[in-house]
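Values below: every heavy atom of this structure, side chains too, minus hydrogens, waters and symmetry copies. This one's a predicted model, so the numbers in the text were calculated from it and none came from an experiment. Read the numbers this way: they start at 1 and go in the same order the structure lists the ligands and their atoms.
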Amino acid sequence: MSKDDTITSKDGLSKDFPLGEENVNYAKWFTGTSYLAGLGDPQLGTSNVTFEPGCRNWWHIHHKGGQVLICIAGRGWYQEEGKPAQELHPGDVVSIPPEVKHWHGAAKDSWFQHIALSVPAEGASAEWVEPVTDEQYASVEK
Ligand code: MN
């Protein structure tokens, strides 16, 4: 896929990984609708996350253990606080260090899927800080 390609329906999402269920357990820390499919042993903390267009999670921090994102479909964004947002496409891999405030999600006009792996660590946890405002989100596309 080229950088300009977008996915406007679920038809373009991965056929190789499950979509899973609507991500109701984390919905309060997401803006928009997302879907979650656990992959492998639940204790490994590995899942396929699907974001509808415009959906993103809150600013958050992975304490102690970080997180790895492996992008598999669509177009999305990753941003660390104080840095420009990074546009994401299938094949991109993002290594998120522990204690770094960030968010990730879909582009406004595209579905987006990434596999998320939690890096195991003693006492690892996630802290959900605050929503990405509409103004912050709109600014990444410019
Ligand atoms: Mn994260």
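For Q67, the nearest N, O or S atom to the Mn ion (ligand 1) falls under 2.8 Å.
In E21, the CD atom is not crowded: 12 or fewer heavy atoms of neighbouring residues, nucleotides or ligands sit closer than 6.0 Å.
For Y78 and H114, the distance between ring centers is not under 6.0 angstrom.
Between the side chains of Q67 and H104, at least one donor N or O sits under 3.5 Å from an acceptor N or O.
For the Mn ion (ligand 1), the nearest N, O or S atom contributed by H104 is named NE2.
Geometry at the Mn ion (ligand 1): NE2/H102 and NE2/H60 form an angle of 80°, nearest 10 degrees.
By the 4.0 Å N-to-carboxylate-O rule, E141 lies too far from K108 to be salt-bridged with it.
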